[in-house]
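What follows is a single structure, written as structure tokens, with notes after it.
The chains referred to below are lettered A, B, ... by the order of the sequence lines, with proteins before strands, and numbering in each begins at 1. In this text, all values refer to a predicted model and were calculated from it rather than measured experimentally.
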Amino acid sequence: MPEGHSVRRLARQFGDVFGGRRLSVSSPQGRFREGAALLDGHTLLAAEAHGKHLFLHFDNALVLHVHLGLYGAWSFGGDSTFNGSSSIGAPRRVGEQESFADGNDDDAYSGPPAPVGAVRVRLAASNGWADLRGATTCEAITLAETDLVRARLGPDPLVNRRGDAGRFAANLLGRKAPVAALLMDQKIIAGVGNVYRAEVLFRRRLDPWLPGSNLADSEARKLWRDVVSVMNDGVADGRIITTTPRYWTANGKKAKPAAEAAALKSSSFPARDNAHFVYKRDGLPCRVCRTTVLAADLVGRRLYWCPSCQA
DNA sequence: GTCTCATGGACAT
DNA sequence: TGTCCCTGAGACG
């Protein structure tokens, strides 16, 4: 869940439901009591994301900075303004769609429920609430400290400023580490996690063990463009789908054109098992060449790749 | 019930 | 390179 596309959706959602509203901020669990007191009663001005970092700007020049880490999750609830808002983060299952809050159509919202479990932060306004659990980082910081966090991060494909492709290429090309390790380094590119790194390397048919310095500048720029494309799809879909409809058949075998047309017609989403090319498909045949997909540990994380397509 | 695993990252060594 | 933090779901008995 919490790869960059999820955090981007979160930022948008916070702006939609709480933007311009005065929030009561509390820490039912107690671990964020002091930070919550600094923000309590202030108005949310803006919500933004950079990579996997979420920044909620309040009208007293303080910022709620949240990084979900592996386990963090936000859940939402409230009146009809919360219809379509979704809980984002763990618990997660691969390929699962986000679960949607049960906003009330009749606007009969009567306040947040009693907090369940270890709620680090609860944000509540007159229209609804949001609970944060299990985040790696949750802090109230100044604007200057916000800039310091941003300064540690590489370009964000979901921001994709002019010149970012070149910055990303320069970051990659100067390094001897395997490109698969570099893609997970948030200083090089912000927002890519374990699923996107495996999938985009497959989509570009790049050997994950290739040193960054061995990539051509043009290939690094193509890689950036593919990350931009596939992560923007993730923002739109609310899940990570890197395969195309021709691979959305029941048995995972490559579909014939007629089957592709049928898949396109019958469903806008692939089954969970067909959403990825290589991620968590070790031991299974590659969707393209039928070679067995491999997995290995790389800097403490599981890497998946096709040794034939990505040679 | 217990154990293991998971789409992160900071920090120590 | 290893350790720790953090939470919940699923496998297993």
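Atom-to-atom, CZ of A:R152 to P of B:dC11 comes out at 8 Å; the value is rounded to the nearest Å. Rounded to whole angstrom, the span from the CG atom of A:L10 across to the P atom of B:dT7 amounts to 19 Å. Residue A:W74 contributes atom CH2, which lies 15 Å from atom P of C:dT7 at whole-angstrom precision. Residue A:L54 contributes atom CG, which lies 14 Å from atom P of B:dG9 at whole-angstrom precision. With rounding to whole Å, A:H65 atom NE2 is found 12 Å from B:dA10 atom C1'. We find that CG of A:D131 is positioned 14 Å from C1' of C:dT7, with the value rounded to whole Å. Going from atom CG of A:L70 over to atom P of C:dT7 covers 13 Å, rounded to whole Å. Protein atom CG of A:L148 is 13 Å distant from nucleotide atom P of B:dA10, rounded to whole Å.
Under the 3.5 Å distance criterion, with hydrogens and angles disregarded, a donor-acceptor pair is assigned to the side chains of A:R120 and A:Q29. A side-chain donor-acceptor contact under 3.5 Å links A:W224 and A:N160.
To the nearest whole angstrom, the two P atoms, one in B:dC5 and one in C:dG13, are 14 Å apart. Across C:dC4 and B:dT4, the matching P atoms stand 16 Å from one another, rounded to whole Å. Using P as the reference atom, B:dT13 and C:dC5 are 15 Å apart when rounded to the nearest Å. A distance of about 23 Å separates the P atoms of C:dA9 and B:dG9, rounded to the whole Å.
Comparing B:dA6, B:dG9, B:dA10 against the side chain of A:Q186 picks out B:dG9 as the nearest. Side chain of A:Q29, nearest nucleotide from B:dA6, C:dT7, B:dG8: C:dT7. Closest contact between the side chain of A:K280 and the listed nucleotides B:dG8, C:dT7, B:dT7 involves B:dT7. Closest approach to the A:M184 side chain among B:dT7, C:dG8, B:dG8 is made by B:dG8 (side chain taken as heavy atoms from C-beta onward). Looking at the side chain of A:R133, the nearest of the listed nucleotides C:dG8, B:dA6, B:dG8 is C:dG8.
With salt bridges taken as basic N to acidic carboxylate O contacts below 4.0 Å, none links A:D237 and A:R239.
Contact check, A:Y279 against B:dT7: a side-chain N or O comes under 4.0 Å of OP1 or OP2. An OP1 or OP2 oxygen of B:dT7 is reached within less than 4.0 angstrom by no side-chain nitrogen or oxygen of A:K52. Phosphate contact (OP1/OP2 of B:dT7, side-chain N/O of A:R197, threshold under 4.0 Å): absent.
Among the atoms of the strands shown, none is found under 4.0 Å from any heavy atom of A:A135. At a threshold of 4.0 angstrom between heavy atoms, the contacts of A:R302 with the nucleic acid are absent.
The only option from A:L183, A:I189, A:V228 that meets the side-chain contact (heavy atoms from CB on, under 4.5 Å) definition with A:L223 turns out to be A:L183.
Heavy atoms of other residues, nucleotides or ligands lying less than 6.0 angstrom from CZ of A:R302 number more than 12.
Between A:F82 and A:W129, the gap from one ring centroid to the other reaches at least 6.0 Å.
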